[in-house]
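Encoded as structure tokens, the structure appears first; notes follow it.
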Amino acid sequence: MTKNSRAANACKISVLLLFPSILLGCNFAPSYQQPQDVVAATVPDATPAPALAPAVLAAAQADALQWLADDRLRHTVALALHNNRDLRIAADNVAKARAQYGIARADQLPSITAQLQGQRSRSSADVSNSTRLVNEQVSASIGFASYEVDLWGRIRNLNAAAWQQFLQVQENRRGVEIALIAEVANAWLTLAADQERLALAQQTLDTREQSYALMRRMFQLGATSGLALAQNLGTVETARGDVALYTAQLARSRNALQLLVGAALAAEALPPAGWLQAPAQAVWPVLPQALPSSVLLARPDVQAAEHALIAQHAHIGAARAAFFPTISLTASTGSSSTALDALFTGASRTWNFAPAVHLPIFSGGRLRAGLQVAQANQRIALAQYEKTVQTAFREVADVLADRDQWGARLGAQNGVVHTAQKVQALSEARFDAGADDFLTVLDARRSLYAAQQMQISLQLAEQQNRITLWKVLGGQALPAE
């Protein structure tokens, strides 16, 4: 062996010894960094947290929210679609399902791999029959192994099932988005109602404090009794307690909305004062006279259930194909030599072709049980699809039943408030004239206050009914006739 060949062999040995250490020193995992700026730097107290800059909305997203009549509500919902973590999880699940479908689709094609291998060994002189104690071999090959010829459609059916599962996850993401829009809109409306409740409680407190100051002056002049003064003071303290209650409730509603949005809200995105009292419409005010039940088939949960049902049909096909013989192919071509410089010469060429047929003869009933499982899953998916359609029909029917009565309920409650206002005015006039005691005034004030609070609750429920109708129709903003 010449000096140059010994140096070349030593170089090859050092590379082979160094190669595993190079691999052990590599790490392809991304470095971990703890998420930052998930929440504000300080927990907010009574002072509102600093608001983030308004997000720039995509034109397509803004067009999709045109059914929301209020610009502030539309902006808040769009901000939630951009920042909400649940929606991000749903989007990542779609990406995961798409990748899983890519894996299933790749099974239809052979996996071609290339291999370069070197080996060097030394035999013991005591047991070796050859004078050559040091042996080395270098080989290079390219080919595929265990490629299944899909004669019976097993892999095609598995690929079709993976595609339907991807579509199912995609519909689930759409369902999460619709639910998020409805939840944000309802939280925004609840915040508007809490603002109205707090404003009413504060107005009631101011009015009762003024009434108490006037009655205390009358008591000092001997024009009224101490009992009436004490009763009036009780109404003041009750109103003060309601102000504290609704102040805390308003803060909780704002926190709930910010959690859904995933960011701090600017003051311009919050509902203005008196929003529920104005003739604002959160959703389309009138529905078409005839609403076909076929619109329910576009709901994301119905679509997802249908994709799950189709996937189970494909699984039955794959389970049936498992009863038939499987043909797999293994093939490779390359070269092998005892010296690296002779690796690609004609004499070192190698090839291998090994087809195999696998025929299931006895599996202890595993294949038949697998088919029975697939058939049972198909029946389960069918029942789930039918139940999903029936549930959708019931939800829409319930919301429409409420929708038909909201005009009458709001009109009746407006009449109750108007009557309570008259009763309070008359009772206060009779008390001032000495015809009634102050208990009559107290009852009239309580009745008016309760009627006004109920009016706010009904106005909130009516607007939320519109949001719920949009949700149960699968996010379809139908034009009114």
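Note: hydrogens, waters and symmetry copies are ignored here, and every other heavy atom, side chains too, is used.
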Closest non-hydrogen contact found for Ala451 with Val416 is CB-CG1, 3.9 Å
- Message: Is any side-chain heavy atom of Asn377 closer than 4.5 Å to one of His315?
- Response: no
Interatomic distance, CZ@Arg409 vs CG@Asn465, rounded to 0.5 Å, equals 9.5 Å
> Looking at Arg394 and Asp398, does any basic side-chain N land under 4.0 Å from a carboxylate oxygen?
Replying inline: yes
- Between the side chain of Asn84 and the main-chain N/O of Ala80, is any donor-acceptor distance below 3.5 Å? no
Atom pairs and distances, donor-acceptor, side-chain atoms in residues 306-313, under 3.5 Å, two or more places apart:
residue, atom, partner, partner atom, Å
His307, ND1, Gln164, OE1, 2.8
His313, ND1, Leu309, O, 2.9
His313, NE2, Gln378, NE2, 3.3

Between the CD atom in Gln249 and the OG1 atom in Thr190, the distance rounded to the nearest 0.5 Å is 9.0 Å
All heavy atoms of His358 vs all of Ala356, minimum pair found to be NE2-CB, 3.9 Å
Heavy-atom check, side chain of Trp470 versus side chain of Ile181, under 4.5 Å:
yes
Sorted by chain and number, sequence neighbours left out, ring pair (Phe, Tyr, Trp, His ring centres under 6.0 Å) with Trp163 holds for Tyr101, Phe166
CD (Glu462) and CG (Asp402) are apart, to the nearest 0.5 Å, by 11.0 Å
I'd like to check Gln375 versus Leu371 (side-chain heavy atoms, cut-off strictly below 4.5 Å). Are they in contact? yes
Shortest non-hydrogen pair, Leu191 vs Ser253, comes out as CD1-CB, 4.0 Å
Q) With side chains defined as the heavy atoms from C-beta onward, is the minimum distance between Glu177 and Leu180 less than 4.5 Å? A) no
Would you please test Arg173 and Leu87 for side-chain contact (heavy atoms from CB on, under 4.5 Å) and show each step? CA-CA 7 Å; Arg173 188 212 65 82; Leu87 192 58; 4.1 Å; yes
Closest heavy-atom pair, Leu458 versus Trp406, reported as atoms and distance to 0.1 Å, is O-CZ3, 3.6 Å
Side chain to side chain contact (heavy atoms under 4.5 Å, CB included) with Val261: of Val77, Leu79, Leu81, only one passes, and it is Leu79
Practice item. Would you verify whether the NZ or CZ of Arg154 falls within 45 degrees of the ring axis of Trp152 while also being under 6.0 Å from that six-membered ring's centre? Key: no
Shortest non-hydrogen pair, Ala104 vs Asn159, comes out as C-OD1, 3.8 Å
Minimum side-chain heavy-atom gap Gln452-Ile456 below 4.5 Å:
no
Taking side chain as C-beta onward, heavy atoms only, is Gln168 less than 4.5 Å from Asn172? yes
Ignoring hydrogens and angles, tell me if any N or O in the side chain of Gln115 forms a donor-acceptor pair with the backbone of Ile142 under 3.5 Å.
-> no
Does the side chain of Val302 come within less than 4.5 Å of Leu296's, by heavy atoms?
no
Between Leu367 and Ala322 the two heavy atoms that sit nearest each other are CD1-O, 3.6 Å
Margin query: Any non-hydrogen side-chain atom of Leu73 less than 4.5 Å from a side-chain atom of Pro271?
Written below: no
- List the steps and the verdict of side-chain contact (heavy atoms from CB on, under 4.5 Å) for Leu200 and Glu196. CA-CA 6 Å; Leu200 176 60; Glu196 297 293 329; over 6 Å; no
Test side chain to side chain donor-acceptor pair (under 3.5 Å) on Arg299 and Thr388; report intermediate values, then the result. CA-CA 10 Å; Arg299 281 177 39 142; Thr388 302; over 6 Å; no
Glu171 meets the salt bridge (Lys or Arg N to Asp or Glu O under 4.0 Å) criterion, sequence neighbours left out, with Arg174
